[in-house]
Amino acid sequence: MTWNDRYRKAIASGEKVFSEEPASSVVSALDTVAANIAPQDHQPCAVDVGAGEGRHSRELVRRGYKVVALEPSEAAVEHANNNIIDETTDHEIRWIAADMRDFKPTQKVDLALLSFMHQREFSILTQLDHLDSWLNPGGWLVFVGHSRAQLGLDVGGPKEPERLWDPEELGTALVNMGYHVERAENVTREDIEKVEHAHHKDASIDAVVVAQKPVAR
Ligand SMILES: C[S@@+](CC[C@H](N)C(=O)[O-])C[C@H]1O[C@@H](n2cnc3c(N)ncnc32)[C@H](O)[C@@H]1O
């Protein structure tokens, strides 16, 4: 089933694919960014890549970001545009229906968040230069996804090793691009990610990578 079909089905039955709460590992990764930035003279902008139902876009708004929620599922974007879930955050989110590979922000942004992006068609490693081109100097790339360390465990997420993330591999690629890698590690997540995965018996292991683009190259 495609993501668009999954969201369409959930919308039709009045259900959600994801919890409304942000994943604890995303909260912790964004805390790491917050602990490493000086007060800014402008409102920071973020892109939530593969925003889904927007739970992490809302978390970014709560943290003071102007947010572009990038999501190729037209069903998800149309639903988000027509249904306010949270009055305090949803007006601050601009939804764009697009594939990240074709997207270019009109103005450079301060942060790009990729949470649980495990596509079959491409590896996130092939997108690093593209993501870098979106960022202001000193901007942040934040990756949180199912770790390759989950292989063999009874957890949700993809089972193919090439779709899972290795924080060390991702961190090394970013270091080679001149980024300062603040975190590149596996984190055990006890919160239940998706209602549909509540029956899994092991805790998920997330790859968390938080890296800052150099201020000058
Ligand atoms: C596992 S979901 C995660 C959703 C959200 N990040 C979250 O954690 O709640 C992966 C999302 O990536 C989106 N996606 C798939 N291919 C994409 C692409 N090429 N560019 C941007 N997003 C994509 C899917 O439609 C889906 O919403």
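Just so it is clear, the structure is predicted and the values come from calculations on it, not from any experiment. Whatever order the structure lists them in is the order used to number ligands and atoms, beginning at 1. Positions are given from 1 along the sequence.
Ionic pairing of Asp31 and Arg63 is present here: one or more N-O contacts between side-chain nitrogen and carboxylate oxygen are shorter than 4.0 angstrom. Look at Lys9 and Glu15 and you find no salt bridge, because none of the NZ, NE, NH1 or NH2 atoms lies under 4.0 Å from a carboxylate O.
Heavy atoms of Phe18 found under 4.0 angstrom from ligand 1 belong exclusively to the side chain. Under 4.0 angstrom from ligand 1, there are no non-hydrogen atoms of Glu121. At a heavy-atom cutoff of 4.0 Å, ligand 1 is contacted by the side chain of Gln119 but not by its backbone. Within the 4.0 Å heavy-atom criterion, neither part of Glu53 lies near ligand 1. Of the heavy atoms in His56, only side-chain atoms (C-beta onward) come closer than 4.0 Å to ligand 1. Counting heavy atoms under 4.0 Å from ligand 1, residue Ala23 does not touch it at all.
For a threshold of 3.5 Å applied to N or O pairs, the pair formed by Ser115 and ligand 1 contains at least one separation below that value. The shortest N or O to N or O distance between Trp3 and ligand 1 is not below 3.5 Å. The distance criterion of under 3.5 Å between nitrogen or oxygen atoms is not met by Leu70 with respect to ligand 1. Backbone and side-chain nitrogen or oxygen atoms of Met117 are examined, and none is located within less than 3.5 angstrom of a nitrogen or oxygen of ligand 1. The shortest N/O to N/O separation between Asp48 and ligand 1 does not fall below 3.5 Å.
Within the listing of ligand 1, atoms 5 (C) sit less than 4.0 angstrom from a heavy atom of Ala51. Taking a cut-off of under 4.0 Å to the non-hydrogen atoms of Phe122, the atoms of ligand 1 that pass are 19 (N). Ligand 1 places these atoms under 4.0 Å from at least one heavy atom of Tyr7: 26 (C), 27 (O).
The 12-atom threshold is exceeded at CD of Glu182, counting heavy atoms of other residues, nucleotides or ligands nearer than 6.0 Å. Other residues, nucleotides and ligands contribute more than 12 heavy atoms inside 6.0 Å of the CD atom of Gln43.
When the options Thr89, Val68, Asp48, Ile93 are evaluated for a side-chain contact (heavy atoms from CB on, under 4.5 Å) with Leu60, the one that passes is Asp48. When each of Glu20, Arg62, Arg55 is paired with Asp86, the side-chain contact (heavy atoms from CB on, under 4.5 Å) condition holds for Arg62 and for no other.
Residue nearest to atom 9 (O) of ligand 1, selected from Glu74, Arg6, Arg55, His118: Arg55 (by heavy-atom distance).
The shortest separation from a heavy atom of Phe103 to ligand 1 is not under 4.0 Å, leaving the residue out of contact.
Closest heavy-atom contact between Ser115 and Val26: CB-CG2, 4.0 Å.
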Between His146 and Phe116, is a ring-ring contact (aromatic ring centres under 6.0 Å, His included) present by the stated rule, with each step listed? CA-CA 6 Å; His146 299 290; Phe116 306 102; 5.1 Å; yes
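The aromatic rings of Phe143 and Trp165 sit perpendicular, their planes meeting at an angle over 60°, well past the 30° parallel limit.
In the hydrophobic clustering of this structure, Met177 groups with Val181; members are Ile, Leu, Val, Met, Phe, Trp, Tyr whose side-chain heavy atoms approach within less than 4.5 Å, directly or through other members.
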